[in-house]
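Naming convention: chains lettered A, B, ... in sequence-line order (proteins, then strands); numbering from 1 in each chain. All heavy atoms count here, side chains included; hydrogens, waters and symmetry mates do not. Computed from a prediction, not measured in an experiment: that's the story for all the values here.
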Amino acid sequence: MDKLTSRILVSLAFIVIIASVATPLTAFASTYPQTVQGNVIKIGMTAQLTGKFSVEGKQALCGVEAAIDYFNNNGGVQVNGKTYKLQLVYYDDQSDKSQVTSLYSRLITTDKVDFLIAPYSSGLTAAAAPLAEQYKKVMLSHGGASDAIFEQGYKYIAQILAPASKYFATSLEMLKDYQSQIGSVKIAFIYEDNAFASAVMKGASQEAKKLGLDVVYNNSYEPGTTDYSSFITAAMAKGANVLIGGGHFADGEALVKQAHDLGWHLKFIGILVAPAEEQFYTDLGNVANGVAYPSQWDISINFNPDYAKKVGLTWFGPTKEQWLTYFKQLCPSLVPSYHSAEAGAAVVFLVKAIETANSLDSTAVRQAMNSLDLITFFGHLKIDPKTGLEIGHQIVVVQWQNGKQVVVYPKDVATAQPLFMASAWWPQTTSTATHSTSQTPTSSSTSTTPKKSNAALLWTSVIIIIIIIIAAAWYAMKK
Amino acid sequence: MLELALTGGAITKGIIMGLIYGSVIGSVAIGLTIIWGVMKVVNLAHGHIVVFAAMMSAFLYLTYKGALLFTPPIAFIWIGLLGAAFGVFFYYTTLHPVIGHVDTMTLKYEMSSLMATFGFGIALYGIHYILPNYVHSYSVNPSIGYSIGAAGHTYIVFLGVVIMKSTVLMSVLGFLLTLVAYWLMNKTSMGLKIRAVAQDARALSLVGINPVKVKVMTAVLATALAMASGVLFLGYSTSVYPDIESTVSPLCFVIVVLGGLGSVLGTYFGGLFLGVMYWLTLELTGQQSIALAVAFAILLIAMVLKPDGVFSGIERKLSFRAKRG
Amino acid sequence: MVSVFRRPGFIISTIIVLFFLVLGYLGNINAISRMYVSNGTDLMYYIGIGLAMAIIMSYAGYVSFGQAVFVGIGSFSTGYVLVLMNRSNIISYLAKIGSGGRISNTMLAVYFTESLLLAITISVFIAVVVGYAVLRLRGAFFAISTIGLDYVVMYLVKYITKTRSPFGGEELLNPSMGLTDMTFYWMHFILFIITIYVAYFVKISKFGYGLAAIREDEDAAEIMGVNTFRYKIYAFALSGILASFWGIAEAFRKSYSIGYFKLDKSIIMLVENVVGGIGSFIGPIIGSIIYYLLEWSFLTTVGQWTLVILGATVVVVVAFFPEGIVGLLKKRFPRLRKWLE
């Protein structure tokens, strides 16, 4: 490289560096997305658009934006006779603790947000919590399910979703309820070693003990594991016939996949997080049928003002259809899961609290939250005044049946009967199943069923291609 | 809390599963041993390239609903070839400005190449998150396309151990990939040139060979192997997401050092050894964190006792025997 | 010999310390300056880990891929003191009865010192015992053996955490202590003063010259009478202690997580040194500042594109400053040379 070009390039690199040094200084002038005019209430959050929580983080962001759009297009928020619009300020935190603190600090100090929404997952929420506490900003936790956060004595954090310890309680109750149909229940817990899943499984094993269900295997695996066969075969050896586990999306999916491939004849499968996403079925096809998950919310559940009237509580916020309309406009390629619904519900709960307190002061709003007891499109919301722990919301059990997610328990909101054996899990040839409810058709339109005739063709082509490549390489080298 | 299950079954299972796993992870490390051991480029992007290939093939596989061309046993060949083209890109954007005209690699150049590949690696990692309509984690169905004949079963039982057929297939393909790499590096003039450029680039140019061309060749070979093995890794694990890199990368570095820098067969055997030790510990203790700690402790011990690599002798012996025969 | 206090390196480090001191006092003025307090805390952390790495990498020429093990040990010590010793109820209780819902400075100092002692003990133990074996290796072999060290310790710590904590092995959640970001800032500041002056005095001491001799030619240094092996162990242990300080600081602020052990944390420490320039004291500081500012400004402006742009920038920077910023400045502006020690 000659001297002139190198000099030009060096100076270019310097420009890049100087520009990047100058950017933080311009922070005063620019407030990140500036779209709303007039009186605004600013809501701040960090979104997990990259890194390990990116699937859940994107859902949550869309859910929050959809709820905000609903309020802005339906009369705004009334405080003290004035009409306010909501504005969201967010940054990408790379699902990393080291970024969260400074970004929340920026949200509070530079962007001057009025209220905060916590990041997804308990670990990130724990990193942001001291700041919310210090600046006395209400922070609504929509993804920090771990009970431990709320046992640490924080006063400005409130929870929207049901706490982790309650996750599998309904599933286990269901197993107890239908025990006459399924016979003996031997549970295996195989879960990811993270704060959330550990808290869930701790709660579940206590619940199982309370209900008198038999837990035969209990082990956790490292995040980032892709091969679960050791755990699966160990649980199979102990005769387990109910699998409960998972952690986040990718591992939950792989766990189900491998349990099926290793021929584990299960009566019930409850997996955290993963089956809630539409992608679970796209990826797994027929194997997904029969897999159930504890859900904070499901798209098929219809909480509406009539239901609120029936149970004698107030209704607030958008109906499911209204919220879905805005969601579809913002994120057309996503199918909302409970991650987006709970994040959207955080906004609804916040708006109701602001209107009840009739003030934008965080302390007053947090006070008002204690008295709230309402039904939203996400379901029942009520927090424990002392800790901020969610006590109103109830978990439902949702199961994949014929490529659709249906609610199977509790009975008052159920839309279908639970299925204790799916055909994909009990091969026709070896099936000794007698339960009539369990047989479902094997083929479904979107599933990718194996094509047996392809195997021979496949092997021939593999061998031919290998030979061709070796021959070509040989020829090239000889030359 | 920690209880040992010292049974024959656990040991058999540990060895069998370990060999299967080791064969795959060993083949994943070969791309690194070539670029690092031979060209002295500490390639921090290796794990990212492997995961990138796995993500790409999973994406294509699911987009085309499991079409034959995109099933791992076939995809690994053409994604490997695609990797060759990607290797040219990788070399000219990242390595050429740093080591293109360097004759012998000193510590300074090793550090610069390390930095450059670090930059390339995180950029490649970031790309996963900015592509539209691209989901960040995938799971593929290994029973599609390559379940070998038998009705409905995706697994076989061998010596009382339940083994997924797809993983066996992937380990066999991993072994084939290793043989191809070994053949290219040790039995062809290309391999000879590649090893020569590492020794002295100037001497190579004296005999009329352009050293830059050979360096491109090395990067291309290493990247092609990395991408091909990435697809095998996907076929083995059946699910992939970008953060897998933080597990794959350290393991690759460990295996390469265990096998001796630049030794293809040594690396493969290093992989097998590590795989067996990992699975044995996992089976005996049932605790994955202990198993991983043991895997890395082995590295520490092996390096202190035998810094040239435990398995580096294998290749020498083999080539010696071949010459005699 | 020029008095230590008039040497350029000392003056520069004092200027940096004064800058953070002033920033700390200005932090209380208004909300906007509070923003810079938070950034300043992060910046001190980045410079701190860069300087900790510098002692083994930049001074002694031994590249370590596993220096994050010490950051991890530091953060685990804090997690152990605050959470695993089952005191979280006591801490939260103290925070409630204390003034304004905050634990008293005395109790904070007690917990802080306990973490320090625990972290230093473990770090020194590991550095000496493992260093005794692995510091015989050179170059890439040493670098990779430290990855081994890092992951062995990480998985063992994980096993301990998993069996003892209700949160699983990945993280521990701090109890509410009612601390403000100013408290964290001053905690970082104390550690920062220690780190920067230790790093500087090591550089100009006889020990530092011995390390430089090892970096340039280890065999020659051995012949000249430098006890290279002992020097290397000292450097490794000192680097470890300083790195563990920053783990403590971070864990007080953000709670412990297993992420502090990960390979990418070591790589960031390494990148800071290479960007700045190997062999100098100023290099890692400049490198850390540039790396932090680049990352932060991309994060707040381009969001998801951060990693792609950051990666591309690193590639460009390396291509054009292979000797680091300090090397380039020395070459272009020979007059600055005496300031860039």
Side-chain angles (χ1 to χ4, degrees), chain B residues 1-2 36-37 40 42 44-45 47 93-94 96-98 107-130 245-246 249-251 253-254 256-257 261 287-305 307-309, chain C residues 57 61 63 65-66 130 133-134 136-163 169 215 262-264 267-268 270-271 273-275 278 304-324:
Chain B
M1 193 80 190
L2 194 65
W36 184 27
K40 299 278 173 281
V42 185
L44 290 175
T93 52
T94 313
H96 191 71
V98 183
L107 179 74
K108 193 182 96 185
Y109 292 112
E110 276 187 38
M111 282 302 105
S112 313
S113 67
L114 177 149
M115 284 275 297
T117 52
F118 163 76
F120 188 83
I122 59 170
L124 201 59
Y125 173 78
I127 282 176
H128 293 299
Y129 297 107
I130 55 173
E245 189 272 336
S246 64
S249 260
L251 278 177
F253 278 107
V254 167
V256 167
V257 173
L261 283 177
Q287 291 293 339
Q288 209 181 357
S289 27
I290 299 284
L292 284 162
V294 165
F296 286 103
I298 287 169
L299 163 85
L300 266 182
I301 296 163
M303 287 194 64
V304 172
L305 298 182
D308 300 341
Chain C
M57 176 180 173
V63 181
F65 277 10
V130 182
V134 300
R136 293 167 200 279
L137 306 169
R138 290 187 188 178
F141 295 99
F142 173 74
I144 302 308
S145 69
T146 53
I147 295 189
L149 167 64
D150 188 2
Y151 280 70
V152 170
V153 176
M154 174 172 115
Y155 286 115
L156 289 179
V157 161
K158 191 159 189 182
Y159 181 71
I160 296 169
T161 326
K162 196 163 115 180
T163 48
R215 182 183 69 225
K262 289 281 163 74
L263 184 61
D264 48 348
I267 301 293
I268 287 174
L270 218 141
V271 165
N273 275 268
V274 183
V275 166
I278 291 182
Q304 284 156 280
W305 286 77
T306 305
L307 287 172
V308 178
I309 296 176
L310 189 66
T313 316
V314 170
V315 171
V316 170
V317 167
V318 178
F320 300 112
F321 322 116
E323 286 156 11

Open item on the list: Please classify the contact between C/A312 and chain B as side chain, backbone, both or neither, with a heavy-atom cut-off of under 4.5 Å.
Closed with: backbone
Task: Gap separating the CG atom of C/L307 from the CG atom of B/L124, nearest 0.5 angstrom - done: 11.0 Å
Task: Closest non-hydrogen atom pair between B/S112 and C/V318, with its separation - done: O-CG1, 3.3 Å
Task: Side-chain heavy atoms of B/T93 within contact of C/V315, under 4.5 Å - done: no
- [ ] Determine the minimum heavy-atom distance between C/A319 and B/V98, stating which atoms define it.
- [x] CA-CG2, 4.4 Å
Open item on the list: Do B/V42 and C/V63 have side chains that approach each other closer than 4.5 Å (heavy atoms only, starting at C-beta)?
Closed with: no
Task: Part of B/I298 lying under 4.5 Å from any heavy atom of chain C - done: neither
Open item on the list: Counting only non-hydrogen atoms closer than 4.5 Å, does B/I301 touch chain C with its backbone (N, CA, C, O), its side chain (CB onward), both, or neither?
Closed with: neither
Task: Point-to-point distance, once rounded to the nearest 0.5 Å, from CG of C/L270 to CG of B/L114 - done: 5.5 Å
Task: Inter-residue atom distance C/I268.CD1 - B/F118.CZ, 0.5 Å rounding - done: 6.0 Å
Task: C/I144, part contacting chain B, at a heavy-atom distance under 4.5 Å - done: both
- [ ] Please determine, among C/V130, C/V275, C/L137, C/L156, the option with the most heavy-atom pairs under 4.5 Å with chain B.
- [x] C/L137
- [ ] Quick one: pull up CD1 in C/I160 and OG in B/S289 and give me the separation to the nearest 0.5 Å.
- [x] 10.0 Å
TODO: Identify which of B/A123, B/G126, B/A116 forms the greatest number of heavy-atom pairs closer than 4.5 Å to chain C.
DONE: B/A123
Task: Contact winner vs chain B - C/I147, C/V271, C/D264, heavy-atom pairs under 4.5 Å - done: C/V271
Task: Top contributor to chain C contacts, counting heavy-atom pairs under 4.5 Å, from B/T117, B/V304, B/V254 - done: B/V304
TODO: Measure distances from C/V153 to the heavy atoms of chain B and classify the residue's part below 4.5 Å as side chain, backbone, both or neither.
DONE: neither
- [ ] Find out whether B/L44 and C/F65 are in side-chain contact, i.e. whether some heavy atom of one side chain is under 4.5 Å from a heavy atom of the other.
- [x] yes
Open item on the list: Using heavy-atom distances under 4.5 Å, tell me whether C/L149 contacts chain B through its side chain, its backbone, both, or neither.
Closed with: both
TODO: Name the region of B/Y125, side chain, backbone, both or neither, that has any atom closer than 4.5 Å to a heavy atom of chain C.
DONE: side chain
TODO: Measure across C/Y151 and B/S246 and return the closest heavy-atom pair with its distance rounded to 0.1 Å.
DONE: OH-O, 3.9 Å
- [ ] Below 4.5 Å from any heavy atom of chain C, which atoms of B/L300 appear? Answer side chain, backbone, both or neither.
- [x] side chain
Task: Gap separating the CD atom of B/Q288 from the NZ atom of C/K158, nearest 0.5 angstrom - done: 8.0 Å
